[in-house]
**Student:** 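Input: one structure, supplied below.
So you know, we letter chains A, B, ... as the sequences are listed, proteins then strands, and number each from 1.
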Protein chains: 2
Amino acid sequence: MTRTPPTKPRKNALQARSRATVDALVEATARILVQEGFEKASTNRIAEVAGVSVGSLYQYFPSKEALVAAVIDRHNEEIMALVRAALTEVADLPIETAVRKLVTVAIEAHRIDPKLHRVLAEQIPRTGQLKDVEAFNREVHTLVRAYLESRRKEMRKIDPGLATFICVSTIEAVAHNTVLNHAEMLSEKTVRTLVDETTRMVVGYLR
Amino acid sequence: MTRTPPTKPRKNALQARSRATVDALVEATARILVQEGFEKASTNRIAEVAGVSVGSLYQYFPSKEALVAAVIDRHNEEIMALVRAALTEVADLPIETAVRKLVTVAIEAHRIDPKLHRVLAEQIPRTGQLKDVEAFNREVHTLVRAYLESRRKEMRKIDPGLATFICVSTIEAVAHNTVLNHAEMLSEKTVRTLVDETTRMVVGYLR
DNA sequence: AGGAAAAGCGAGCGAATGCTCGCATTATAT
DNA sequence: ATATAATGCGAGCATTCGCTCGCTTTTCCT
């Protein structure tokens, strides 16, 4: 049995001052992860950058992992907000429009903070946050699947679960590789072409 | 400037005994990564599992990273062997056949050692091996692109670089998610369905 | 056989890290 | 104003880890 460090807050921040401390710690963790890498993200350094003492850090976070987990959560919430909004928006629109929107949002989501995204993707398995991240993934699948099922008439006969799996995997991968490989060198035109092509592929597949 | 540890062998193993030592060390590193995780893969532990002293370890590997790099290299070579063979085999065959073969091989490649694959994917960025891994990626792209260009007649008018990017991303992602999510629970039938669907999507996109 | 080169050994050094604990400061309630 | 709770502090303990160095053993070559 490998002992997984706890990731839940030790106590809840009640007063304004302590809420600020917690925020500063999470923010500092994110900044260090992006600018200096995971190795440099020691609790001492995080506290230093946050302008807080190590002691205070351990008042609110039982372990280093808990801090990273908090950053992951924050980032995932940002992304999920985009995805949820997009899917609500296209709920009653035809497949072509919906897929295009989804692809666009996927790329946007990866562009929120590519460097943080990359570092987090690497660190997730070691934070015990895998379960939470999987929960987000499942939510995406559920939402997409619900949409696809509501649009069955426009589609060929196809297993909804399988279709969802393939569509989500594809869109996610294109967005991921686009942003992480081509870095910041992304013209508007390139993005539009990419969205067009991916949309064409997915829509062609569905019907 | 962050100092990246060297990853080249300190000296070359010449005699049979030392070659065995080197192999034992790489093998031990892989086993620990898979069974106990990156955290537990200390040089002392690696030497212990390999049945070798730390001193000997440092005769051949200048750093811990060098060991992980060796494991990555070995694994990548196995995968590339499969991919190269597949692409040679289908060089003169029509798109439908070629894509089906590629998808199949991609899944096979991920199934070689899923756990190792996962751990390595997480650890690659911190070993300075990113460049080598990118080289493999570029090779795949080059090979696929060459194939696609040789089959232009079967395809619609489409930018070869873009098509390659989308196809490789898609196939890789489906294989990756299939193996890593559904773990070992993969019936032959499931795999065949998945290959069929992915092939359909990619082929439909190309023409 | 004998000497040189190659390979192997492992106690332990120095540096870094996660985290605790006893105490100081600030906010809230009465 | 006083008491109580909440928050903040940071030196330092305990541990781990990467790696070195002086030495022994094995192999190779003539």
**Student:** For B:Ala70 and B:Phe61, work out which heavy atoms get closest and say how close.
**Tutor:**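 Taking every non-hydrogen atom into account, CB-CE2, 4.1 Å.
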**Student:** For D:dG8, take OP1 and OP2 only and decide whether either is under 4.0 Å from a side-chain N or O of A:Ser53.
**Tutor:**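 For D:dG8, neither OP1 nor OP2 has a side-chain N or O of A:Ser53 closer than 4.0 Å.
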**Student:** Among C:dA27, C:dC19, C:dA7, which is the nearest nucleotide to the side chain of A:Val54?
**Tutor:**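 It is C:dC19.
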**Student:** Find which nucleotide of DNA chain D each of A:Asn44 and B:Ala41 is nearest to by heavy atoms, and output the residue with the more 5' nucleotide.
**Tutor:**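 Looking at DNA chain D, the more 5' nearest nucleotide goes with A:Asn44.
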**Student:** Is the backbone of B:Val52 close enough, under 3.5 Å, to the side chain of B:Ser56 for a donor and an acceptor to pair up by distance?
**Tutor:**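 A pair under 3.5 Å: no.
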**Student:** Can you check the B:Leu57 CG to C:dG8 P distance for me, whole Å?
**Tutor:**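 The answer, rounded to whole Å, is 11 Å.
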**Student:** From C:dT20, D:dC19, C:dC9, pick the nucleotide closest to the side chain of A:Tyr58?
**Tutor:**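 Given the options C:dT20, D:dC19, C:dC9, the side chain of A:Tyr58 is closest to C:dT20.
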**Student:** Can you check the B:Gln15 CD to C:dA6 P distance for me, whole Å?
**Tutor:**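 In whole Å, C:dA6 P lies 8 Å from B:Gln15 CD.
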**Student:** Tell me the interatomic distance from B:Leu67, atom CG, to D:dC19, atom C1', rounded to whole angstroms.
**Tutor:**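 Rounded to the whole Å, the gap is 13 Å.
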**Student:** Using OP1 and OP2 only, check whether a side-chain N or O of A:Ser56 sits under 4.0 Å from D:dC9.
**Tutor:**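 Yes.
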**Student:** Checking A:Lys64 against A:Phe38: charged group under 6.0 Å from the ring centre and within 45 degrees of the axis?
**Tutor:**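 Relative to the ring axis of A:Phe38, which defines the angle, A:Lys64 lies inside both limits.
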**Student:** Mind checking whether B:His182 and A:Phe165 have parallel, tilted or perpendicular rings, split at 30° and 60°?
**Tutor:**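 Ring orientation, 0 to 90° scale: perpendicular.
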**Student:** Between B:Ser63 and D:dC19, is there a contact of a side-chain N or O with OP1 or OP2 at under 4.0 Å?
**Tutor:**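 The answer is no; no side-chain N or O of B:Ser63 sits under 4.0 Å from OP1 or OP2.
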**Student:** Specify the separation, in whole Å, of atom CD1 of B:Ile32 and atom P of D:dG18.
**Tutor:**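 One finds 11 Å between P of D:dG18 and CD1 of B:Ile32, rounded.
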**Student:** Knowing that exactly one of B:Glu108, B:Glu89, B:Glu96 qualifies, which makes a salt bridge (charged side-chain N to carboxylate O under 4.0 Å, His left out) with B:Lys101?
**Tutor:**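 Only one option passes, and that is B:Glu89.
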**Student:** When you check the gap from the basic side-chain N to the acidic O, do A:Glu27 and A:Arg31 get nearer than 4.0 Å?
**Tutor:**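 No, A:Glu27 and A:Arg31 are not salt-bridged.
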**Student:** Under 4.0 Å between a side-chain N or O of A:Thr43 and OP1 or OP2 of C:dC19?
**Tutor:**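 No, A:Thr43 has no side-chain N/O under 4.0 Å of OP1/OP2 on C:dC19.
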**Student:** Pairs counted only when both distances fall under 3.5 Å, Watson-Crick or G-U: show me the 5' to 3' dot-bracket for DNA chain D, [ ] for pseudoknotted crossings and | for other-strand partners.
**Tutor:** ||||||||||||||||||||||||||||||
**Student:** Round to a whole Å and report the spacing from NZ of B:Lys40 to P of D:dG18.
**Tutor:**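 Distance check: B:Lys40 NZ to D:dG18 P gives 13 Å.
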**Student:** Is A:Thr21 near enough to D:dT7 that one of its side-chain N or O atoms lies under 4.0 angstrom from OP1 or OP2?
**Tutor:**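 No.
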**Student:** Run the salt-bridge test on B:Arg45 and B:Glu48 with the 4.0 Å N-O cut-off and return the result as yes or no.
**Tutor:**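 Here B:Arg45 pairs with B:Glu48 in a salt bridge, since their nearest N and O are under 4.0 Å apart.
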**Student:** Report the distance from atom CD of B:Glu48 to atom C1' of D:dG18, rounded to the nearest whole Å.
**Tutor:**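 Rounded to whole Å, this separation is 16 Å.
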**Student:** Send over the distance from B:Gln59 CD to D:dT24 C1', rounded to a whole Å.
**Tutor:**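 Interatomic distance, CD of B:Gln59 to C1' of D:dT24: 13 Å.
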**Student:** Between A:Leu25 (CG) and D:dG8 (P), how many Å, whole number?
**Tutor:**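 About 9 Å, once rounded to whole Å.
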**Student:** Is there a donor in the side chain of A:Thr190 and an acceptor in the side chain of A:Ser187, or the other way round, less than 3.5 Å apart?
**Tutor:**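 Short answer, yes.
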**Student:** Check whether any side-chain nitrogen or oxygen of A:Tyr60 sits under 4.0 Å from OP1 or OP2 of D:dG8, and answer yes or no.
**Tutor:**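 Looking at the OP1 and OP2 atoms of D:dG8, one of them is under 4.0 Å from a side-chain N or O of A:Tyr60.
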**Student:** Quick check: on DNA chain C, is the nucleotide nearest A:Gly55 upstream (toward 5') of the one nearest A:Ser42, or the reverse? Name the residue that is more 5'.
**Tutor:**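 This one resolves to A:Ser42.
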